[in-house]
Asker: 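Quick one: the structure is below, and I'll ask about it shortly.
We count ligands from 1, going down the list as the structure has it; atoms in each ligand are counted the same way. As a basis for the values below, the full set of heavy atoms in this structure was taken, side chains included, without hydrogen atoms, waters or symmetry mates. Because the structure is a prediction, the values reported are computed rather than measured.
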Amino acid sequence: MAERDVDLFVIGAGSGGVRAARIAASYGARVMIAEEFRVGGTCVIRGCVPKKLLVYASRFADDFEDAAGFGWSVEKPVFHWPTLIANKDREIDRLEAAYKSTLERFKVELVKSRAIFEDGHTVRLTASGACVRARNILIATGAWPHYGPKIPGLEHVISSNEALHLEELPRRIVIQGGGYIAVEFACIFAGLGSKVTLVYRGENILRGFDDDVREHLRNEMRTRGITVTCGHTVTAIDKQGDEFVTHLSDQTQIAADKVMFAIGRRPNVMGLGLDKIGVKIHEHGGIEVDAYSQTSVPHIYAVGDVTNRVNLTPVAIREGHAFADTVFGNKPTRVDHADVPTAVFSEPEVGVIGLTEAQAREQLEVVDVYKTSFRPMKATLSGRQTRSFMKILVDGISGRVVGCHLVGPDAGELIQLLGVAVKMGATKADLDATMAVHPTAAEELVTMREKAMTWRRQAAE
Ligand code: NDP
């Protein structure tokens, strides 16, 4: 027997769930949201935000070194990991409090509990055993690190969750994975002074990104002293005293103080009772939803990483907002998942939008490729060995820009703005017509006149 009735019950107070709850409440809905860990979810508590704070910390090492070429003498800087972690934790506490006060302001009732389905309209709060009946239910439970097949010594492996709370900076770390998290944490630890070995099973890191970007970043990471080992996996981890010996599939071994896996994240669908209410799971492991985030049960919706569509915070927020507009605002809204700009906060940074060259060749008849690689101006005096890379892909028939791929300082900031132009359907002629801002790196985007090549589909293809 349910003890409460609400219009909307949200399971999970991360980016998508909180946005959906507050927008639904702003339309007058009675909303309750359950969270078993901390309010803010992956992005705020153990993802984007704390990670970016560590990225900032890791970049100071270069700044101190680079300053010498500009006439500064800096005494040997000393880094103190516990100070960084304590300051980062304080900022995360502040953000969590801000999220809670937003929920309060919109009169969304927060319950600190795991919530599981009793039946299609009822959830049970495991903390108190109370049941809540809801007209609509939104599942926004996110995803959780996955550790791959059981290998000997897997219990010694940490994920990015624990990496954000280590008591001390590891002197040596082995990171397995070649995606966003592995690459970002490899660069963070290397910047802070750890000896980093990245182990990736495929041919090259960042599968799914443009091949030129992958090659450029891998070379930059190597120049920065990161060992990037491709074509291998970790097969076992041996604890020997205070260190861990990591065994690789090529029979080599690496001694390290920490071993971290970043080999993907799995949607949090387990233990919610979804099977008994008929919510279908897609073959990719996420909850199956339509363009309005509606599941196979009409009054149950799902947004964010639990749906395994485009697993990025801003996408989850949009999906949560669109759900609330659709169901409570009488404004049916679909989220456009095409041309989502994204950044990898590696060193140097990567920013991309649209098609890779390989995708453009699959989808178009003619592809014009513009690309450039150059030494950033700051490196001329600092003497740092680094190059930036920019690539623009253009539909050779319509002239429309279909992909932009940047590697270099502030690539994340640049791609956010360039993303507006691409989303609006900018052509290469529009970029050419835009006056350059000089001297900047971004001016290359409007001054690339010479095509690197034109690819044409052959009649036989
Ligand atoms: P990704 O899916 O990006 O990468 C997973 C990596 O692990 C791939 O390189 C994959 O290899 C490899 N892998 C998978 N299974 C195994 C296995 N069994 N053994 C060895 N290697 C394996 O996952 P992440 O964990 O890096 O990130 C999770 C999600 O978080 C991403 O989808 C991303 O959307 C999001 N994210 C976004 C960030 C941002 O916007 N800056 C930052 C961090 C995370 P292969 O390529 O061969 O499949």
Asker: Nearest non-hydrogen atom to atom 17 (C) of ligand 1 belongs to which of R201, R266, H146?
Answerer: R201

Asker: So, R265 versus T42: side-chain donor-acceptor pair below 3.5 Å or not?
Answerer: yes

Asker: Return the closest protein heavy atom for atom 7 (O) of ligand 1 as residue, atom name and distance.
Answerer: I263 CA, 3.1 Å

Asker: Using a 3.5 Å cut-off on N or O atoms only, is Q176 in polar contact with ligand 1?
Answerer: no

Asker: What residue and atom, counting heavy atoms only, is the protein's closest point to atom 4 (O) of ligand 1, and at what distance?
Answerer: G179 CA, 3.5 Å

Asker: Does R265 reach ligand 1 with a nitrogen or oxygen that is under 3.5 Å from one of the ligand's nitrogen or oxygen atoms?
Answerer: no

Asker: Check this for me - ligand 1, G264, N or O atoms closer than 3.5 angstrom, yes or no?
Answerer: yes

Asker: Give a yes-or-no answer on whether the side chains of T342 and Y180 include a donor-acceptor pair shorter than 3.5 Å.
Answerer: yes

Asker: What I want to find out is whether R94 reaches E91 closely enough, with some N-O distance under 4.0 Å, to be called a salt bridge.
Answerer: yes

Asker: Taking both backbone and side-chain atoms of G178, is any N or O found less than 3.5 Å from an N or O belonging to ligand 1?
Answerer: yes

Asker: Could you check atom 42 (C) of ligand 1 against the protein and tell me its nearest heavy-atom contact, residue, atom and distance included?
Answerer: E184 OE1, 3.2 Å

Asker: For atom NZ of K112, is the number of surrounding heavy atoms from other residues, nucleotides or ligands below 6.0 Å larger than 12?
Answerer: yes

Asker: Under a 4.0 angstrom heavy-atom cut-off, which atoms of ligand 1 come close to K51?
Answerer: 41 (N), 42 (C)

Asker: Could you tell me whether some N/O pair between A343 and ligand 1 is separated by less than 3.5 angstrom?
Answerer: yes

Asker: Are P149 and ligand 1 in contact, using a heavy-atom cut-off of under 4.0 Å?
Answerer: yes

Asker: Does the N or O separation between L312 and ligand 1 drop below 3.5 Å for any pair?
Answerer: no

Asker: Just wondering, do V111 and M32 contact through their side chains at under 4.5 Å, heavy atoms?
Answerer: yes

Asker: Provide, to 0.1 Å, the distance between atom 39 (C) of ligand 1 and the closest protein heavy atom, together with that atom's residue and name.
Answerer: Y180 CD2, 3.3 Å

Asker: With a cutoff of 4.0 Å, is G202 in contact with ligand 1, counting heavy atoms of the residue only?
Answerer: no

Asker: Is there side-chain contact between K423 and D336, with at least one heavy-atom pair below 4.5 Å?
Answerer: yes

Asker: Tell me which donor-acceptor pairs under 3.5 Å the side chains of residues 47-58 have, and how far apart each pair is, sequence neighbours excluded?
Answerer:
residue, atom, partner, partner atom, Å
K51, NZ, E184, OE1, 2.7
K51, NZ, E184, OE2, 3.4
S58, OG, V55, O, 2.7

Asker: Is the closest side-chain donor-acceptor distance between S293 and R309 under 3.5 Å?
Answerer: yes

Asker: Do the side chains of R218 and D211 get close enough for a salt bridge, i.e. N-O under 4.0 angstrom?
Answerer: no

Asker: Just going by heavy-atom distances, which of V340, I151, I181 is nearest to atom 44 (C) of ligand 1?
Answerer: I181

Asker: Hey, is ligand 1 close enough to N311 that some N/O pair sits below 3.5 Å?
Answerer: yes

Asker: Side chains of E357 and W455: closer than 4.5 Å at any heavy-atom pair?
Answerer: no

Asker: Can K378 and D62 be counted as an ion pair, charged N to O under 4.0 angstrom?
Answerer: no

Asker: For ligand 1, is there an N or O atom under 3.5 Å from any N or O atom of R207?
Answerer: yes

